[in-house]
Amino acid sequence: MSSLAGPLLAWYDAHRRDLPWRRTSDPWAILVSEVMLQQTRVEVVEEYWRRFLARFDRPAALAAADDEELLQHWAGLGYYRRARFLKAAAAAVVERHGGRFPADFDALLALPGVGRYTAGAVASIAFGLPRPVVDGNVARVLSRLFLVEGDPTRGATARRLWQLAEEHLDRERPGDFNQAVMELGAVVCRPKSPRCEDCPISGACRARRDGVIDRFPTPKARRAPVDVRVAAAVLRRADEVGLVRRDASARMAGLLDLPALELAPRTDAPRRLSEWLRATFDVSVPRLSRVGTARHGITHHRIEVEVYEAELAPGTEASPPRGDLAAAAPRRIAAAPDADGLRWFRCEDLPGLGLSALGRKILAAAADA
DNA sequence: AAGACGGGGAC
DNA sequence: GTCCCAGTCTT
């Protein structure tokens, strides 16, 4: 019925990128790639995927790992809940399926963190099952091909796109077909300045025919970003730096971070930070010097971090956090230490330790000073 | 149906 | 600076 699959598969066979997870048929390795690729670019994922699979080569290996090591391998990727779901999925594969992945869409869909897209991707790519996928790439390609209006991720528009993907799926090579459409969206049918001259199915594209490529897909409504002001402390003790582990209820839960505090407008930052460090960790920091500024964006927040540094006397210790940490300060972003409080880490051990990207930027700002 | 959830690469 | 990515879960 569809005249799309032929040209698409031929194009894919000739032009597909040599991505590491395309060299395996191991469903575990493919699941890890798909979860990492959720809302995350291919170029970013490659190195994480290699390192993760080298350490957790089978579901049982991840299921047995502790959360700290898991986060160390995920730090910097974002959407950290994915990592916990992936561990839970690995445990479920061990418990429900004896450590072997089920060649069954519904069983895959039942795994934690595996939704309609990921279940379809693993089913089609690892097991050759005829299941469609719709991700951002597929949504863009199909919305342009068939003039599908509306937010591709919601309601009737999403249903229409999944229906189109199902209708046009190649039943002989579902995994390659799905990857071909995604590849086309990533490389040719790009959000901006699409390369229609290089598109194997441009003749079938209604948006191109009508000269309205730039109006598809319909842009999503956006919220204005919220500005957040933060003061962070780089506390040094000889060759060590004081870090906190972020609380399980906070954003970036479980990652290491600099002790930091969200500031109300017109706050005397160093004084407030110093008082908070004393009240929370019982560390006395007489002199905080401003050493720089770090900027960071987190889902509709713009964060500006004033970075302060202090050299503490050798032997300085900290008490476990006191009081109600959640009530102590606003903590949309900062002020989220867990009950272990301030801990000392050798600076040379920091890389690979599970520091948040925000934390890395704060240390970089301090190092520039 | 809408909101929460990171980070960075490309323009 | 802005956009948006091989999405999923929760409310």
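Each chain gets a letter, A, B and so on, in the order the sequences are listed, and its residues count up from 1. Fair warning: this is a prediction, and the values are worked out from it, not measured in the lab.
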Practice task
Go through C:dC9, B:dG8, C:dC3 for me and flag the one nearest to the A:Arg222 side chain.
Solution key: C:dC3

Problem - Euclidean distance, atom CG of residue A:Asn137 to atom P of C:dA6 [Å, nearest integer] - result: 4 Å

Handout entry: Separation between the P atoms of C:dA6 and B:dC11, rounded to whole Å
Key = 13 Å

Problem - Donor + acceptor pair across side chains of A:Arg160, A:Ser143 (<3.5 Å) - result: no

Problem - Heavy-atom closest pair, residues A:Gly120 and A:Phe105 - result: N-CE1, 3.5 Å

Practice task
Report which part of the nucleic acid A:Val114 touches: base, sugar-phosphate, or nothing (heavy-atom distance under 4.0 Å, all strands).
Solution key: sugar-phosphate

Problem - Spacing of A:Arg154 atom CZ relative to C:dG7 atom C1', expressed in whole Å - result: 12 Å

Fill in the blank from the handout: When A:Arg223 and A:His296 are each assigned the nearest nucleotide of DNA chain B, the 5'-most assignment goes to A:Arg223

Practice task
Select one nucleotide: of B:dG7, C:dT2, B:dA2, the one nearest the side-chain heavy atoms of A:Leu255.
Solution key: B:dG7

Exercise for the section: In whole angstrom, give the distance that lies between atom CZ of A:Arg116 and atom P of C:dG7. Expected result: 14 Å

Exercise for the section: Indicate, with a heavy-atom threshold strictly under 4.0 Å, whether A:Arg140 touches base, sugar-phosphate, or nothing. Expected result: sugar-phosphate

Practice task
Check every strand shown and say whether A:Trp21 touches a base, only sugar-phosphate, or nothing at a heavy-atom separation below 4.0 Å.
Solution key: base

Exercise for the section: Find out whether the Lys NZ or Arg CZ of A:Arg290 is both under 6.0 angstrom from the six-membered ring centre of A:Tyr308 and within 45° of the ring's axis. Expected result: yes

Exercise for the section: Go through the N and O atoms of the side chain of A:Ser356 and the base of B:dG6, and report whether any donor-acceptor pair is under 3.5 Å. Expected result: no

Practice task
Starting from C1' on C:dG7, measure out to CG on A:Asp151 and report it in whole angstrom.
Solution key: 13 Å

Practice task
Considering only atom P, compute the distance from C:dT10 to B:dG6 and round it to an integer number of Å.
Solution key: 14 Å

Problem - Interatomic distance, A:Tyr80 OH vs B:dG8 C1' [rounded to whole Å] - result: 11 Å

Exercise for the section: Side chain of A:Arg360 only, please: which of B:dG6, B:dG8, B:dG9 is the nearest? Expected result: B:dG8

